Amino acid sequence: DMDVEIRALVQHPRHEDLRITLTNPAGNEVLVFEAEPGSGALELDGPLFGFSGDEDVNGAWTLRVVDSRSGSAGTLERWAVDVTSRWD
């Protein structure tokens, strides 16, 4: 089994326009954030659930930030993913 934690900072004037997902090297995608009210700094910090424990963790992990509306722009300031094993 594995634990996946994400840390990210996104600046955007309308958080409700955003959908953020993380895709592992096996191609499985997990929803990180979707359309909650707010503006300015959006800080994500915590565990993610939905990845299987038997998948390969080596390779490229992809964070996708989608803005569903035009007219406002944002910036992905930073992001990191931590993968740890619970195998004894």
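Note that the structure is a prediction, hence the values are computed from the model and not measured.
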Minimum heavy-atom distance [X]-[Y], with the two atoms named:
X	Y	value
Asn58	Asp56	N-OD1, 3.1 Å
Leu31	Ile20	CD1-O, 3.6 Å
Val30	Phe49	CG1-O, 3.3 Å
Ile6	Leu63	CD1-CD1, 3.6 Å
Gly59	Pro25	C-CG, 3.8 Å

With sequence neighbours left out, write down each residue that passes ring-ring contact (aromatic ring centres under 6.0 Å, His included) with Phe33, or none if nothing qualifies. none
Here the side chain to side chain donor-acceptor pair (under 3.5 Å) pairs for residues 63-72, sequence neighbours left out, are His12-Asp67
For [X], which residues count as a side chain to side chain contact (heavy atoms under 4.5 Å, CB included) partner, sequence neighbours excluded?
X	answer
Ala80	Arg7
Val57	Met2, Trp61, Val83
Thr23	Glu29, Thr62
Leu9	Gln11, Ala41, Glu43, Glu77, Arg78

Just jot down the salt bridge (charged side-chain N to carboxylate O under 4.0 Å, His left out) partners of Glu5, sequence neighbours excluded, or say none. none
Selection residues 63-82 - residue pairs positive for ring-ring contact (aromatic ring centres under 6.0 Å, His included), sequence neighbours left out: none
Stepwise, does the side chain to side chain contact (heavy atoms under 4.5 Å, CB included) test hold for Val4 with Val81? CA-CA 7 Å; Val4 178; Val81 63; 3.7 Å; yes
